[in-house]
Visitor: 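Here it is, the structure in full.
For ligands, and for the atoms within them, numbers begin at 1 and follow the listed sequence.
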Amino acid sequence: MTIQFITTNAGKFAEVSEKLAAASVKLVHLDRGYPEIQTDRLEKVLKYAATGLDDEVKGDYLIDDSGLFIEALGSFPGVYSAFVQKKLGNRGILKLMAGERYRAAFFETVLLLRQGEEHEVFHGDCAGTIAESERGRNGFGYDPIFQPQGETRTFGEMSLQEKNAISHRARAVDVLLTHLSATKEL
Ligand code: ITT
């Protein structure tokens, strides 16, 4: 089966297509944005986006909204992660966290799959801590400052396959794959 992944983020596309290729799902990259409302939950962003995309995109598609939630910052940047990455970057986050000993954080990914007339939503998360400095050049976005629980390296220091073994996005894709096999699509 073929699904279009609508995202402007090539890193997301690489991660999801690696996982889906292993399950013989072909992912096609549709490199375009869509309006993202400011709201308190990632899922609401996707559900709103889907109402517009349904009219504009033919065939099955997948969209991904993700965020980094830092506990000491009251879950910031959370739903504002894209804006904050653009405006403050990882250095800005490290400045906000300077002197903070409680560094717990988690990533969350929500995926929305449109198949026929149906919308299905899948969640994945990954707990960890905010590193003291940027480490590694792999991945994208916040990867160099996020160290998953039980690991000594940041996502930025891991290969795509290593990140895909434990990440929020990979977990959401696993739930998506379980759904596809339960509905006999695979
Ligand atoms: P699309 O909306 O076009 O898919 P985006 O990069 O704007 O791409 P998001 O709004 O979901 O995607 O991402 C919010 C921010 O969080 C953005 O700056 C990403 O780079 C970052 N981000 C998302 N997933 C991440 C991950 O797995 N590792 C590190 N940073 C991530």
Visitor: Indicate whether any N or O donor in one side chain lies under 3.5 Å from an N or O acceptor in the other, for S66 and R169.
Guide: yes
Visitor: With only distance considered, is E15 within less than 3.5 Å of ligand 1 through an N or O on each side?
Guide: no
Visitor: Touching ligand 1 at all, F107? Heavy atoms, strictly under 4.0 Å?
Guide: yes
Visitor: Please indicate whether any nitrogen or oxygen in S66 is less than 3.5 Å from any nitrogen or oxygen in ligand 1.
Guide: yes
Visitor: Just need the protein heavy atom nearest to atom 24 (N) of ligand 1, so name the residue and atom and give the distance.
Guide: R169 NH2, 2.9 Å
Visitor: Is the F5-Y61 ring centre distance short of 6.0 angstrom?
Guide: no
Visitor: Heavy-atom contacts with H168 under 4.0 Å: which atoms of ligand 1 show up? List them by number with element.
Guide: 26 (C), 27 (O)
Visitor: So which heavy atom in the protein is nearest atom 3 (O) of ligand 1, and how far is it from that ligand atom?
Guide: T8 OG1, 2.6 Å
Visitor: Would you say K86 touches ligand 1, if touching means a heavy atom closer than 4.0 Å?
Guide: no
Visitor: Does CZ belonging to R91 count more than 12 external heavy atoms closer than 6.0 Å?
Guide: no
Visitor: Identify, with sequence neighbours excluded, every residue that meets side chain to side chain donor-acceptor pair (under 3.5 Å) alongside H123.
Guide: E43, E108
Visitor: How does F146 reach ligand 1, by side chain, by backbone, by both or by neither, if only non-hydrogen atoms under 4.0 Å count?
Guide: neither
Visitor: Under a 4.0 Å N-O cut-off, is there an ion pair linking D60 with R114?
Guide: no
Visitor: Give me the residue, atom name and distance of the protein heavy atom closest to atom 25 (C) of ligand 1.
Guide: F140 CE1, 3.3 Å
Visitor: Among all protein heavy atoms, pick the one closest to atom 12 (O) of ligand 1 and tell me residue, atom and distance.
Guide: K12 NZ, 2.8 Å
Visitor: Please could you name the atoms of ligand 1 that N9 approaches to less than 4.0 Å, counting only its heavy atoms?
Guide: 6 (O), 8 (O), 20 (O)
Visitor: Any idea which atoms of ligand 1 are less than 4.0 Å away from a heavy-atom of D65?
Guide: 9 (P), 10 (O), 11 (O)
Visitor: Nearest protein heavy-atom contact for atom 18 (O) of ligand 1: which residue, which atom, what distance?
Guide: Q85 CB, 3.2 Å
Visitor: Which is it for N138 and E162 under the side-chain hydrogen bond (donor to acceptor under 3.5 Å, both in side chains) test, yes or no, and what are the steps along the way?
Guide: CA-CA 11 Å; N138 297 337; E162 287 171 324; over 6 Å; no
Visitor: In terms of atom number and element, which parts of ligand 1 are under 4.0 angstrom from non-hydrogen atoms of Y142?
Guide: 16 (O), 21 (C), 29 (C), 30 (N)
Visitor: May I ask you to identify the nearest protein heavy atom to atom 4 (O) of ligand 1, giving residue, atom name and distance to one decimal place in Å?
Guide: T7 OG1, 2.6 Å
Visitor: Show the atoms of ligand 1 that are less than 4.0 angstrom away from any heavy atom in E36.
Guide: 2 (O), 10 (O)
Visitor: Output all residues satisfying side-chain contact (heavy atoms from CB on, under 4.5 Å) with E100, sequence neighbours left out; order by chain, then residue number.
Guide: A72, M97, Y102, R103
Visitor: For atom 17 (C) of ligand 1, which protein heavy atom lies nearest, and how many Å away is it?
Guide: A82 CA, 3.9 Å
Visitor: In the protein, which heavy atom is nearest to atom 28 (N) of ligand 1, and how far is it?
Guide: D143 OD1, 2.6 Å
